[in-house]
Structures are given as structure tokens and as C-alpha cells.
Amino acid sequence: MLTSLSMRRVTLHMVKEEAPEAALGLAESGVFSPEPLPAGEESLPECPATSYQALFHDAQMRLQKVSEYLGVQAAIPPEKVRAISESELAAFNKWLGRLWRRCSQLQEKGRELDEKIRAIGQLDKTLDTYARLDVNLGLLQGQLQFLDVQLGAVPQSNFGKLQEAVGMAGYILKPFAESDSAALVVLAGVKGNERQVQSVLRAAAYRPLQLPAEFQHHPQQVRQQLAAQRQRFQEERLALAQERELLHKKHAQALHKGAQRLILAAPYAFLGASLRSQGGLATVQGWVPTEKISFLRKTLQRRLEQRFVLETRDPTLDERLMTPSLIRVPCWLQPFTDVAHNYGVPRYGELDPSWLFALTFIAMFGMMFGDVGHGAAILAVGWGCRHWLGHYTPFVLSLGVSSCCFGFLYGSVFGYEEILPPLWLSPLSNPQRMLMVALFWGVGFILLVTAMGIRNRLAEGRYAEALLGGRGLAGSLLYLGAVYGAFRWMEEGVFGAMEAAAIVLPFLVVVGYQWHQSQVPGFGRGVVVLIESFEIIMGYFANTLSFLRVAAFSLNHVALALAVFALAGTMEAVGHWVTVVVGNLFILILEGAIVAIQVLRLEYYEGFSRFFSGDGRAFEPLILGPLK
């Protein structure tokens, strides 16, 4: 379909006690999108689902945390559908709170043990540095009565001079670990000359080392202590894992059933501000596709025991921005729809850009990247990676087909133009013609999207803008007149009264409309109108020239292949073919990505911005499904 499905505004009136059952019925139908009622609605001041909603979100958060910690898989909707009372939801939430407190204690204890095990690993690694010291490391950390002993690091370039200098002060300097840049040393001497030695140490860029507090014994003994601590912590970690496994076995089934309760509770909680009440009556509003109204009514009749009232009406013009859009497309078109809707969701009643995007994107990509070999490679990659690409597989395959088709038109196979005769022409053989084709393609594209914009504005009741605006009928006639005048002048050297009138008359209409719309007072109004009108003209001109890149990239594709062949021609047989293969891979990957980005830019900025607002709201129905 080119537009979204017809929607109707639905208001459901029911007994307040049956609101949870009604929510289940709405979710079972899968066709109802809630619409919040105004907060200041005096006739319906109460929000009966407020406390229920708070309980649900609290339980949902706790369930998610517990399930992640215990490794419990997500639940699927139960076969028996029933309403979950607020008391039942509160009891489940309370039970979850107790379970989560125990899980969080185990989780925190596990983090502490992991941190301790990592710290022991760091100490063990640090001990490797001091393993050659065959002394009690505790003696190197405290103050001795008669000796000054310390550890440090000194640059290798200063080690010899420092050893001589401290020797003159009665100190001994011995290395115990060395690298290319520094030496780790033990400095020892009789106390009394510390001040003299300190000045020498500073001059030699000596840096003292601090032993970890855990190193209080011989390195071998410290290693054994660290190993014993690591084993103890690992045993405690294993005990935690076993307790976690016991919790999983004990509570997995209860968590699964609880998750199913939350699935059943979700519709009533998600109604939120859409459900309002007063006294014993409740009302909920939302949107339903017109074709699904009777289905929704039958579902509610089956679910609700007491009578209800279901009112429906068409959306008003003022409600078009809040009316959700539901667009159905074939499976092969879905990836193009996803990419098109990255720009934005079409408003209700707007033309969906998916079909235009799919056809023009495929055509422009092939025109800019036409080569039978490269297209076949894209096809092979798309088909080979179809499990990874998923529903984007048709997107990639269609680009490969388009590239192959234009490759036959250009007569190009992996850059070789001697294998196949061109069915049309080789781009470099007639670049002027390629530029002209791209120019006329751009003119046609802009006129098409402008016409779609006119249709969308008419559908929204913006008649003056659709007919008289710069992007309406007057603007398109101005553009057509400019194109016609330029063509006549270039081809026949003629630019007469008819050509001038074709430009001036619609231009005056556009200026008049801009004048009427402008709110600027005094002389500034004329200046603003002229600037805005000139901007409209320049926009058409710039957008048209942007399409010259379609021809530019088709020429660039051939030029890159020629450059690869020129480089390969300077090499021997093996080097020649290696260069050809690597060059084609470069063209396929890098230029292919650049071409795709350039086509996307043309679609978004030269196409969608002219007719497509992109500020619509996607239809998101209330459903019974796994919790997110």
C-alpha cells in the first residue's frame, strides 16, 4: 500500500471492575494502540491503574535482575489467559524482593571474591620481579637499627656511576632485575650517611620502590601464601556458584510462572494514562485499523461478562499528527521500508516513501555501480550471508541484480570492456550523454517527489500551500518553466516571451504566497519574501545539480578500473593478476559503500525532504508477548 491503513478513534466504556479483563481482550486482539487521555479531563478524574502500574514495573525490574543472575530464560505467554489481580501482583513482587535481596548478596560477594582473586594475580605477577632476592622481604620494608636498606630503580645509563658514587659513601648497590632501560637494585649501607647518599640518588634519577604489604617473608614463602589464598577464594567462589545453581533449581519454575503472570498483567499496566474512570465506570481510548473494528468487538464480547460500549469515529484533521500509521508492505520490501523509515515515520495519510525509495535506490545504485562482475559478487555475498543478513537479504540481492543489469548496458565485467559488447554505451565513451541522462533523471525525480508532496498537503487540508507554495504546484511549474527555458536556450539558442512567461508567472504566484504568509512588518517583509523566494529557486537548482553525481560515479567506476589495469600492466604475470584481484576488491568494497551512501543522501535530502515530513507515529498495538 502507498499509504497507512485507515484508522479509527476508539473509545471503550465498561464497568471499572472489568478493566483488567478488558485490557486482556485488547491485548489478545493485537489491534488496539492506546492513546493517553488529557491529564485535566474533569469528567474522568481517576486513574485506576496507577498503583497497579507501579507494582508491575517494580516486579518487572526485579524479575529481570533475578533472571539475569540465575540464568532463567524468558517466558512465553501462557495458554490460559486470565486477569492478574493487584493483590496477586503485590504478593509476587514481595516474593521477588526477598529473592533478589539474597541474589544481590551473592552477586556482591562474588564480585568481592573476583576482585580478591584478581588482586592476588597482580601480587603474584609483582612477586616475579622480586623472586631473585633470596632474603626475607619483610626486612626490606621496616626500619633496621644499624642498616639502611632500600629497593629502587635507576636508569641503566646511570647505574655504573651511581654504584661508584654510593660506594664512596660506604653503600653497596646490587641489581636484582634488569631491562634495557632500567635496573632494579638493592641499596644497603651503614646508617649515618643517608643525607649524602640521597643527594647522589636524586642526581642519578633513582626512584625508590615500595613493596606490597603482603610481602613479609621469603619470596618462595610469599608465593605459597598467595597460592593458598587464591585456592581459598576460588573454593568460596565455587561455593557461591553452587548456591546460585541451587537457587536456580529451586526457583526456576516459580520464576517462569511469575514471568507469565507479568505477561498477563502487562496490558492493564501499559494502559496507564489511557484508562480513566469515575465511580464505577471506566473509559479507555486508542486507535484501531478500520478493518479490525469488528474483530475487536467480537474479542471484547468473548472476554467481558457485562455489557460495554465501543464508540468509533474517523480522526479529525487536528488529530492527524497523533494518529498512528500502520503500513503493510510485501516481505521483500520490508528492508527498504526500514531504511526509509530511518528518516522518519510518515504521518497518517501521507504517502509512504518505501516504494519510491526501493525503485529509485535500486536504479541509481546500478547506474552508478554498473558492472556484471561486481553485481555478481554482490549477489554471491548476499546469498552466502543470507542467514546473517536476515530480512535484509532482498535489499542486497536487488542491488546486485541492478548492478548486473547496468553492467550489461555498459558492457563491463570486472572493469573489462572487451568481453561483452555494451547494450547501450560505455560511460567514458560519451560522458556528455551520461551527464545529460543524470540531469533529466534528477528533473524527473524532483518533479515526482514534488507531486507527492502536493498530494500530501492536499490530504492534510493545506490547500493554499499545496497549490501556491514554493514546494507546491506553483513551485513545480516554476521549476518546469526554468527547465524548459534552459533546454530551449541550450538546444536552439531561443529564449523568448513564452519561455520568460513560463518562469515569471509561477514565480509571481510563489512570491505572492510568500508575501501573504510572511509576518514580518514594514520594509523587512519585502526583503524576507525575496530572500525566501530566491532560496526556493536555488534549492531546485542545487537539488538538480546534485543528481549529476549519478553520472559522475558511473564515470568514476570506469576510471578506477582503468587505473587498476594501468598499474597491473606494469607488473609480471603473477603481480598483474594479484593487482587486478586486489583492485577489484577495493572497488567493490570501498566504492560500493561510497555509492550506497551517496544514493542514500540523494534519497533523503533531494527526495524525502520535499514531500515527507517524517514526524509521524508508528502503530504500536497492545499485545500479549514476552516482556522486554
Worksheet item: Within the distance-only criterion (no hydrogens, no angle test), does the side chain of Lys16 pair as donor or acceptor with the backbone N or O of Gln278 below 3.5 angstrom?
Response: no
Worksheet item: Should the pair Arg320 and Tyr348 be classed as cation-pi, given the thresholds of under 6.0 Å to the six-membered ring centre and 45° from the axis?
Response: no
Worksheet item: Within 45° of the six-membered ring axis of Tyr69 and under 6.0 Å from that ring's centre, is NZ or CZ of Arg244 located there?
Response: yes
Fill in: CD1-CD1 distance between Ile587 and Ile594, expressed to the nearest 0.5 angstrom
11.5 Å
Item to complete: Take Val284 and Thr11 through the side-chain contact (heavy atoms from CB on, under 4.5 Å) test and state the conclusion after the steps.
Response: CA-CA 6 Å; Val284 63; Thr11 304; over 6 Å; no
Worksheet item: Near Arg307 CZ, under 6.0 Å, is it more than 12 heavy atoms from other residues, nucleotides or ligands?
Response: no
Practice prompt. Would you check if the side chain of Ser402 reaches a backbone N or O of Ser398 as a donor-acceptor pair within less than 3.5 Å?
Written response: no
Worksheet item: Parallel, tilted or perpendicular for Tyr130 and Phe215, by the 30°/60° rule?
Response: perpendicular
Worksheet item: Does Glu112 CD have over 12 foreign heavy atoms under 6.0 Å away?
Response: yes
Worksheet item: Under 3.5 Å, is there a donor-acceptor pair between the side chain of Arg223 and the main chain of Asp124?
Response: yes
Discussion item. Looking at Met322, is its backbone amide N or carbonyl O close enough to the side chain of Arg617 to form a donor-acceptor pair, meaning the two atoms are under 3.5 Å apart?
Written reply: yes
Practice prompt. Indicate yes or no: at least one non-hydrogen side-chain atom of Met61 is less than 4.5 angstrom from one of Gln64.
Written response: no
Discussion item. Could you check whether any side-chain N or O of Gln260 sits under 3.5 Å from a backbone N or O of Ile76, counting only pairs where one atom can act as donor and the other as acceptor?
Written reply: yes
Item to complete: Evaluate the salt bridge (Lys or Arg N to Asp or Glu O under 4.0 Å) criterion for residues Glu460 and Arg457: first the C-alpha distance (whole Å), next the side-chain angles of each, then the deciding distance (0.1 Å), finally the verdict.
Response: CA-CA 5 Å; Glu460 294 178 3; Arg457 293 178 180 90; over 6 Å; no
Fill in: Side-chain donor/acceptor of Ser325 to backbone N/O of Pro346, under 3.5 Å
yes
Worksheet item: Are Phe56 and Phe270 an aromatic pair by the rule of ring centers under 6.0 Å?
Response: yes
Item to complete: Could you label the plane-to-plane angle of the Phe369 and Phe365 rings as parallel, tilted or perpendicular, counting under 30° as parallel and over 60° as perpendicular?
Response: tilted
Worksheet entry | Lys/Arg N to Asp/Glu carboxylate O, Glu88 vs Arg82, below 4.0 Å | yes
Discussion item. Students often mix this up, so state it plainly: with edges at 30° and 60°, are the rings of Phe612 and His341 parallel, tilted or perpendicular?
Written reply: tilted
Worksheet entry | Side chain proximity check, His374 to Asn584, heavy atoms < 4.5 angstrom | yes
Item to complete: Please work out which of the three classes, parallel, tilted or perpendicular, describes the rings of Phe357 and Phe361, given edges at 30° and 60°.
Response: tilted
Practice prompt. Tell me, with the steps shown, if Trp355 and Trp332 meet ring-ring contact (aromatic ring centres under 6.0 Å, His included).
Written response: CA-CA 11 Å; Trp355 286 93; Trp332 68 268; 5.6 Å; yes
Worksheet item: Salt-bridged, Arg9 to Glu35, with N to O below 4.0 Å?
Response: no
Item to complete: Show the numbers, then the answer: is there a salt bridge (Lys or Arg N to Asp or Glu O under 4.0 Å) between Arg328 and Glu291?
Response: CA-CA 13 Å; Arg328 288 179 180 167; Glu291 63 183 36; 2.7 Å; yes
Discussion item. Determine whether a donor-acceptor pair (N or O, by modelled atom type, separation under 3.5 Å) exists between the side chain of Asp615 and the backbone of Arg347.
Written reply: no
Worksheet item: Are the side chain of Ser104 and the backbone N or O of Trp100 linked by a donor-acceptor pair below 3.5 Å?
Response: yes
Discussion item. To the nearest 0.5 Å, what is the distance between CZ on Arg276 and CG on Leu281?
Written reply: 14.5 Å
Discussion item. For a quick test of reading the model, state the closest non-hydrogen atom pair linking Ile362 to Leu399 and the distance between them.
Written reply: CA-CD2, 4.3 Å
Worksheet item: Under 3.5 Å, is there a donor-acceptor pair between the side chain of Ser403 and the main chain of Gly400?
Response: no
Worksheet item: Checking side-chain contact (heavy atoms from CB on, under 4.5 Å) for the pair Leu99/His251: CA distance, chi angles, key distance, verdict?
Response: CA-CA 9 Å; Leu99 181 57; His251 299 297; 3.6 Å; yes
Worksheet item: What's the spacing between Ser6 OG and Lys292 NZ if we round to 0.5 Å?
Response: 13.5 Å
Worksheet item: Looking at OG of Ser354 and CD1 of Ile327, how far apart are the two atoms once the value is rounded to the nearest 0.5 Å?
Response: 6.0 Å
Discussion item. Can a side-chain donor-acceptor contact be found between Glu620 and Ser33 if the only test is distance below 3.5 angstrom?
Written reply: no
Discussion item. With a 4.0 Å cut-off on N to O distance, would you call Glu235 and Arg230 a salt bridge?
Written reply: no
Worksheet item: More than 12 foreign heavy atoms under 6.0 Å from CZ of Arg232: is that the case here?
Response: yes
Worksheet item: What distance separates Phe233 CZ from Lys116 NZ, expressed to the nearest 0.5 Å?
Response: 4.5 Å
Practice prompt. Under the salt bridge (Lys or Arg N to Asp or Glu O under 4.0 Å) rule, what do Lys94 and Asp58 come out as? Steps first, then yes or no, please.
Written response: CA-CA 10 Å; Lys94 187 176 181 180; Asp58 196 16; over 6 Å; no
Worksheet item: Looking at CD of Gln242 and CG of Leu238, how far apart are the two atoms once the value is rounded to the nearest 0.5 Å?
Response: 4.5 Å
Discussion item. Do Ser274 and Gln285 pair up side chain to side chain, a donor and an acceptor below 3.5 Å, judged on atom types alone?
Written reply: no
